Structure formats: C-alpha cells, structure tokens
Amino acid sequence: MLCNLEQQPADALLALIKLYGDDTRPDKIDLGVGVYRTGQGGTPVFGAIKAAEQRLVDIQDSKAYLGPEGDMGFVHALMPYIFGSDDPAMGGRIEGMQAPGGTGAVRLAVALAKKAGVPRVWMGVPSWPNHAQIYADLGMELKTFAHASKSGTTDMGALRGAIAEAAEGDAILLHGCCHNPTGIDYSNAEWDEIAGLIADAKLLPILDLAYQGLGHGMEEDAYGVRRVLAAVPEALIAYSCDKNFGMYRDRVGAIYVMAQDAAVLTRVLSNGHALARAAWSMPPDHGGAAVRLVLEDEGLTALWLDELDTMRTRMSQVRARLAAAGQQGGVDFTPLGSQNGLFSMLPLSVEQIQQLRSEHGIYMAGSGRINAAGLTMGNIDKFIADVAAVSA
Ligand code: LMR
C-alpha cells in the first residue's frame, strides 16, 4: 500500500535551513525561516528562559501526564498579555488549552471550525504558506483576497469586498500583528473598522497571534485581537510563544476560545480536548512550563520584557538602515522602514532570488520574503548592494 504514495517536495521554507547550512561561503546570509537573530547573527536562548529552565530542573518532581489541555498555569499566565489585565477571561467567556506551537494552535482552531460546520475560511494573501497547507489537509475550503496593495499599504478595499461576499458562518483568518510575510499590519483605525465589519457579517474570526511583542510592544500588538473580541460573540485565537520567548523547537503555543457564554465555552473546549487527544494526545510540557515560570516571577518577567525590547530595538535599527538605502537597482527599500516584525517582501523574480542564492550566498524564501533579523550591521551593505546588482 505504501507504494501508492507519491513523493512530496520538501517544505520550501524549512528546506532553506539545510541549503544554508550546506553552503560553505563565509559571507553567506540567512534571511529564510523566521527566527530572531542578534547583531552577531546568533539565536541564543532568552536569559529569562534559561533561568526558568534551571529552576524547572530543580523543582519539577514528576513528568506524569497532564492531559490534553497541557499546563493550564501556562495557558492562564499568558491571558492578561493577550486579552488585557482588567478581565482576561471576559467574564468567563474565554478559556484556552496548550498546543504544540503556533502551528498546533492554528490546526486545532481550523479543525474546531470545521467540526462546528464552518464551510470555508477567508484569508488575505500572501500569507504564511502553512496556513493554506493546514486548510488543505483538513479539507477546509479557502477563499482569498489581497492583503496588501501595490503601494505597500493594507488593501482595505479587498478586505471589505471579501467580507461583503462571505456568507454568515464563514471564518476569516487574520494575523494579529507582524504580518507574515509582508510586515504590513492593519492600523488601529483599520482594526476598529474590521471588528465592526466582521461582527455585522457574522463571521467567525480566527486570529493568529504568533509575533506579539515583536511589532510595537506586548500591549500595542494586542490591539487588533482585543478590538475584534470586543465586537463579536465568538472567536478562536491561535497563539505562539516560539518567537516572543524564543522557544522555536520546544513548540510552545496555545489556543483560546471565546464563546457566547460559559456553557458553550465548556462544550467547545471539550471538542478541542478530543481533537488534541486524537492528534497529539497532549502537548510537550517543557517549554510551556518554562514560560509559566517566567510569567509567575516578577524578576524573570521583567528580564523577559527587557529582552523583547532589545529584539524590537534591533529590528527597528535594521529597518531604519534598509529604509535609508532608498531605491537601489529595481528595489525601493523605503517601505521596509515602517513595516513590522521579522518579515518584509522584496519585489524580486524567482530568477533574481535564485541568483542571489547561487551567486551571492543570500538565502530568502521563494516568495521574496526576507527575515530582516538575518541582517546585521556587518552584512547589510553587502545585502543591499547584491539586491541592487541582481535587480538593476
Ligand atoms: C516562518 O514563517 O518562517 C516561521 O513561522 C517558521 C515556520 O514554521 O514556518
């Protein structure tokens, strides 16, 4: 039977990790998969996480099973950051469960929507390629609209048109902040409008918040999610700690459900638990427990927020330097200065992206997405010059 399976291509984004690793050129530049890098090019473990992990080794007295919901202390400790400290559970209407990374959370959100009878999901494109793969794998129909316009702003006209065309009961997936791959986010005024549009059209929002704190700050980056939740009766929120706590390979995420009342909430979560049990039984514990220990300790929380500030400051320095380059060859770097998070898109052809890889050792996604965190003050001038050379 196994002979019936056809060969699948490797995931294009993850394949870059290996291609880059195999390249022996000393001045190669990795702008591929979305991990933060310091000015020295490394991705060290957060100091707050290291301290929490040390503590975990000392105090953890069992690794017995927890259950499909994972570490609920972790799930609850994050909630004030996502939903606001006044009433993070929105009067008993929000509850969550741990998930294996942001991918696990998105997958569970889509599976829940599908099980609830949602026929299709609307999504601005381009988007993170794994979104579409998850819909396809779960048999969820995808309807797309343009996320950004040619001028580099969000395409509100396309979003309004999509929402007007959507049927009651459809889902819409929106990136909470730091849009992947464009870096082009909705403004607060746009979120105000979007919240009303989604509520009027009676759509189910699926909000993917994978980069909170990497845009303008933990509070600022939660604006869109909170605004939408204040307007609608129900929503699903997929959360990742893989970037803002640097937990990548430990797979630390959570899914939150906002329901119209506590009784529906309990029912939805029982479905979440059943789906998780059938998929991964329970999430890996270590990373979630380390994040919980950080958030339970004032000193470690302050250290973590400080480390997040350092990341954001470095990203804005890189972006300012790119923007200052202005027009180089066929590429205008100016818009990158006002975009958010790790990612931006360059208007390069497949051939130019390939040429950057083969002739200059610069690795970026085939879509033209760069992870700007791969740029340092030591390699940014070479990068700009090389892009100018291939796009002239
Ligand atoms: C990315 O977009 O590079 C990250 O979210 C990593 C991943 O899993 O794709």
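Given the structure is predicted, the values throughout are model-derived calculations rather than measurements. One-based numbering, in listed order, for ligands and for the atoms of each.
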What are the atoms of ligand 1, with element, lying closer than 4.0 Å to any heavy atom of [X]?
{"X": "Arg369", "answer": "1 (C), 2 (O), 3 (O)"}
{"X": "Tyr211", "answer": "4 (C), 5 (O)"}
{"X": "Val33", "answer": "3 (O), 6 (C)"}

**Prompt:** So how far is it from Met97 CE to Met282 CE, rounded to the nearest 0.5 Å?
**Reply:** 10.5 Å
**Message:** Quick check for you: to the nearest 0.5 Å, what is the distance between Ile49 atom CD1 and Met247 atom CE?
**Reply:**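 Between Ile49 CD1 and Met247 CE, I get 4.5 Å after rounding to 0.5 Å.
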**Prompt:** Of Tyr248, Trp128, Phe343, which has the heavy atom at the shortest distance from atom 9 (O) of ligand 1?
**Reply:**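 Comparing heavy atoms across Tyr248, Trp128, Phe343, the nearest one to atom 9 (O) of ligand 1 lies in Trp128.
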**Asked** Does the pair Arg292/Asp71 count as a salt bridge with the N-to-O cut at 4.0 Å?
**Response**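 A salt bridge links Arg292 with Asp71.
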**Message:** I need the contact type for Asn180 against ligand 1. Using non-hydrogen atoms and a strict under-4.0 Å cut-off, is it side chain, backbone, both or neither?
**Reply:**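 The answer is the side chain of Asn180.
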**Prompt:** Backbone, side chain, both or neither: what part of Leu13 comes under 4.0 angstrom of ligand 1, heavy atoms only?
**Reply:** side chain
**Asked** Identify the closest protein heavy atom to atom 5 (O) of ligand 1: which residue and atom is it, and at what distance?
**Response**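 The closest one turns out to be Lys243 NZ, 3.1 Å.
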**Asked** Between the side chains of His360 and Gln355, does any donor sit under 3.5 Å from an acceptor?
**Response** no
**Request:** Give me the one residue out of His147, His179, His175 that meets ring-ring contact (aromatic ring centres under 6.0 Å, His included) with Tyr186.
**Result:**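 When ring-ring contact (aromatic ring centres under 6.0 Å, His included) is applied between Tyr186 and each of His147, His179, His175, only His147 qualifies.
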**Request:** Would you check whether Gly34 has a nitrogen or oxygen atom less than 3.5 angstrom from a nitrogen or oxygen atom of ligand 1?
**Result:** yes
**Request:** Only counting residues at least two apart or in another chain, list the ones meeting side chain to side chain donor-acceptor pair (under 3.5 Å) with Asp332.
**Result:** Thr334
